Amino acid sequence: MPASVKRKVGTSHKLIGILAAKDLWHDWRTTGVLLCVVVSIVTPLLILLGLKQGVINTQRQLLLNDPCNLEIKMQGNGYNLPPSWFEDKAKDTRIQFIIPVTRFLNNDIGVLDSQNNIESVDLIATAAGDPLLKMAGLDAPVNDREILVTHALAQRLHLQQNGELHTLLSRTINHEQQQANTTLNIKAVLPEYGCLQRSAVLTTLSFLLAVEDYKQGLNIALFQPQDKVDESKMPDAEQNPEMRVPSMLRWDQHEDNLLSYQKPFMPNFWEHEVFRDFLVEHANHPPFYDSMRPFDSDKMEAADTPQPEPVVNKRASYARARIFAKTLDDVPKLADELRSGKEGMEIISKVYEIEKLRQLDRFLNVLLLIVSVIGMVGGGFALGGNFLLRIDGKRGQIAQMRLLGLSKRQIAFFLGIQGLLITSCAFIVNIILALISQFIAELYGKEILGAMIETGITEIRIFCLDGFDYLLAYLVTLMFTGLVIVVATRQANKIHPGEQLREF
Amino acid sequence: MIEIDGLYCTRGNGGQAFTIHVPHLRIEAGELVAVTGVSGSGKSTLLEILGLILPPQTGVMRWKFAQTSIDITRLWRDDPAKLDTLRMRHLGFVLQTGGLLPFLSAKDNILLPRQLLDQDATWSHDLQNLADILEIRDLLGKKPRQLSIGERQRVAIARALAHSPLLLLADEPTSALDPGRAEEVMRLFVELIRSQKRAAVIVTHDYPWIGRLDMREVRATLESGGKIACFS
């Protein structure tokens, strides 16, 4: 083939693209009609998709806004879950957080309010990764004296971050009432979650286990008052003999008296007269024991309280677990597995609400599909028909281009570029109309739905379309237009160049 | 330059079939050939064959130029896509009403063949000369719908010559013009072809021009009850 036959392909593609654009511009009326057809098909579908996703996402956000909706709660006390069970569950990718929990009877502690009244609150074991903390952007306690408190508890006792919470534990050992106290440091106050509207304290697992051990009668070093005493602020015991109350840390044996008093260091409530009387009454049976120093049984002749053994904080099994699924979709399956597993657990979760959301999503998807199919079929006929009419009207022009030497493939490219330009320009209009619709939906929809939706949602999105949705819609529209172009090209390829030679 | 021997081309089927027969035809470079015949005698069909638009069923058609010989009938058989490229490079068409692309200006229409061939697409001196000869300099910025038929024909002639084709094919290029304007356009057309040493095949009914413009006549003769047109 002589060199004159060969020519550069890339140049002709660019030129054909320019010719296609110029043809569309020249024939703006027909082009406008084609644009309107594409816009009228795609824009309503985009709006419906945006509203559907907005409704679903709002409902989903309602559930996700409360991390408790991801929790799978175990009821009952006696599951005896070994550490290996926790290790296995921790490997399950559907579980984002799991931590052992003690029996119900052992997971409460007494706190003192401003009136020195004792109130029992729940203890909840927590650790890094706890969704209750993650949602609020809070860190887990790093030692056993650090805690987080619920919003309800903070309100009731006027607690604040970096404040202190005075706690009291009690037990009965051989019919003897014993109590221990400790002061805990409040690391943070949790937001008000749906499942944590009660008074509760979040603490480390080791603290929770220590509470259980203490209640079981074991010796726990943790349940002591604060170590550091600012004696300079304390009234002098010699000059204030009425303030003779035993030191809980520095419990020294006196030769004649098991109780001796030093400069009292307790906070004011320990100096309460009733409490002091109680101590005096139980002078021979100190209600507080000190495990910081070993008991010297030789000196404790008058004491007949059995001395507890030092505690070893270990567990062969745990009663229950706190489990949080990773996503809402993981909750039902996990709950079913725990119920039907060999443990046969009694489970409470938000499966019903999650399933309701799924059903709503499926229903709206079906609706959207029906509308899309109707739109696409109708739109296809409209667009295809318009394109074919356009081809028919340009028979002479197409024949002329064939006479000039453009091949059938190049004519197909010409029409393809026109389809691409029409789709792209129409899609810009689609995006603008969808954004306007979003603005209107957000403006009016929030007023209507905001009153119906529970508080706690920081942002309601009535209309939800992201970049991926727009891109997907664009690609689907391109495919759709592409099919129309294929039909139009077959029609155009039937045009014989010789038609131009037979005008008259 | 163009050799045709024993060529047959049939259009239609059965009773509607019509056959073109060209027993022997030579068209040399720089030669003007007038194709004549009654209406329906296959003149436009012959142009389609010469224009590489319609394939012959039998016979031989060759192009010979620049020490190159191209077997057109074999190309039709083996690689018809390349005929588009040959047509683009070596042929120019002038149609009855010009056949300009409506979305391009007169200037862009004239430049288009060069652009398609990736040649120099600037408005060169030779194109300016051509525009002056055809008296279309003031029309270059206009779209075809803004031009009269005669103006469109002159722009079409410029476009047909812009890429220096070997052969021009014109199917009654002046039939839509009034007689005065028609002769003027035809004269310009023939002068340009001769000055650029192109070959041309012109379908025309204007027999007086054939002699006046010194064109060789190839006449279509109907045979077999009008079923076969023989060009000789």
Side-chain angles (χ1 to χ4, degrees), chain A residues 1-31 390 393-415 417-418 421 493-504, chain B residues 11 43-49 51-54 63 65-70 75 79-93 95-105 108-109 112-113 115-119 121 143 145 156 159-160 163 166 169-172 175-176 203:
Chain A
M1 181 58 57
S4 61
V5 178
K6 300 172 188 174
R7 65 177 188 276
K8 290 179 192 174
V9 171
T11 309
S12 67
H13 281 163
K14 181 181 168 188
L15 176 63
I16 290 168
I18 293 170
L19 292 176
K22 283 187 175 181
D23 182 38
L24 284 177
W25 183 253
H26 173 78
D27 202 7
W28 60 270
R29 289 186 187 86
T30 314
T31 305
R390 184 187 166 86
K394 287 182 178 296
R395 289 189 79 89
Q397 182 180 312
I398 293 172
Q400 179 59 42
M401 289 197 288
R402 295 281 281 118
L403 270 185
L404 285 171
L406 268 70
S407 62
K408 288 183 179 180
R409 190 175 291 182
Q410 287 172 317
I411 296 294
F413 185 75
F414 177 89
L415 295 174
I417 292 292
Q418 291 197 324
L421 288 171
N493 284 341
K494 292 178 185 173
I495 297 173
H496 197 273
E499 287 184 23
Q500 272 292 284
L501 294 174
R502 296 171 182 280
E503 285 178 329
F504 294 97
Chain B
R11 297 188 93 149
K43 301 185 296 295
S44 296
T45 305
L46 178 62
L47 276 194
E48 288 181 34
I49 295 170
L52 310 180
I53 297 167
L54 194 63
W63 283 13
F65 59 95
Q67 282 87 47
T68 305
S69 178
I70 303 174
L75 267 186
D79 197 355
K82 288 203 165 66
L83 294 168
D84 293 322
T85 311
L86 276 179
R87 186 164 59 248
M88 181 186 289
R89 179 63 191 92
H90 297 297
L91 298 180
F93 291 86
L95 307 176
Q96 289 180 3
T97 54
L100 301 175
L101 292 176
F103 53 88
L104 296 176
S105 64
D108 289 338
N109 266 288
L112 185 58
Q115 289 171 331
L116 287 172
L117 291 167
D118 202 23
Q119 292 174 352
K143 291 270 178 65
R145 67 167 182 256
R159 184 182 70 179
H163 61 297
L166 293 174
L169 301 170
D171 194 341
E172 301 186 61
S175 62
V203 171

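Residue numbers start from 1 in every chain, and the chains themselves are labelled A, B, ... in the order their sequence lines are given, proteins ahead of strands. Below, all heavy atoms of this structure are taken into account, side chains as well, without hydrogens, waters or symmetry copies. Only a predicted model underlies this, so the values are computations on that prediction, with no experimental measurement involved.
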Answer yes or no: is there a side-chain heavy-atom contact under 4.5 Å between R159(B) and L404(A)?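 In contact.
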
With heavy-atom distances below 4.5 Å as the criterion, would you say the side chains of D118(B) and L15(A) are in contact?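 They are not in contact (no side-chain heavy atoms under 4.5 Å apart), so the answer is no.
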
Out of curiosity, [X] [atom1] to [Y] [atom2], how far, rounded to the nearest 0.5 Å?
X       : Y       : atom1 : atom2 : value
S105(B) : H26(A)  : OG    : NE2   : 11.5 Å
S407(A) : L83(B)  : OG    : CG    : 11.5 Å
M88(B)  : L403(A) : CE    : CG    : 11.5 Å
D23(A)  : L101(B) : CG    : CG    : 8.5 Å

Donor-acceptor pair, Q400(A) side chain versus G99(B) backbone, under 3.5 Å?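 Flag set: sc Q400(A) to bb G99(B) pair under 3.5 Å.
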
Which atoms of L91(B) approach chain A - backbone, side chain, both or neither, heavy atom under 4.5 Å: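 Looking at L91(B), nothing touches chain A.
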
Do the charged groups of K408(A) and D84(B) touch, with an N to O distance under 4.0 Å?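 Result for this pair is no, no salt bridge flagged.
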
Looking only at non-hydrogen atoms, find the nearest pair between F103(B) and Q397(A) and report the distance.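 Minimum heavy-atom separation between F103(B) and Q397(A): CE2-NE2, 3.0 Å.
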
Over all heavy atoms of both residues, which pair between H496(A) and E48(B) is shortest? Give the atoms and the distance, please.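 For H496(A) and E48(B), the tightest heavy-atom pair comes out as CE1-OE1, 3.5 Å.
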
What part of R402(A) gets closer than 4.5 Å to chain B, counting heavy atoms only: side chain, backbone, both or neither?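 Looking at R402(A), backbone and side chain both touch chain B.
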
Structural part of L19(A) lying under 4.5 Å from a heavy atom of chain B: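 Looking at L19(A), backbone and side chain both touch chain B.
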
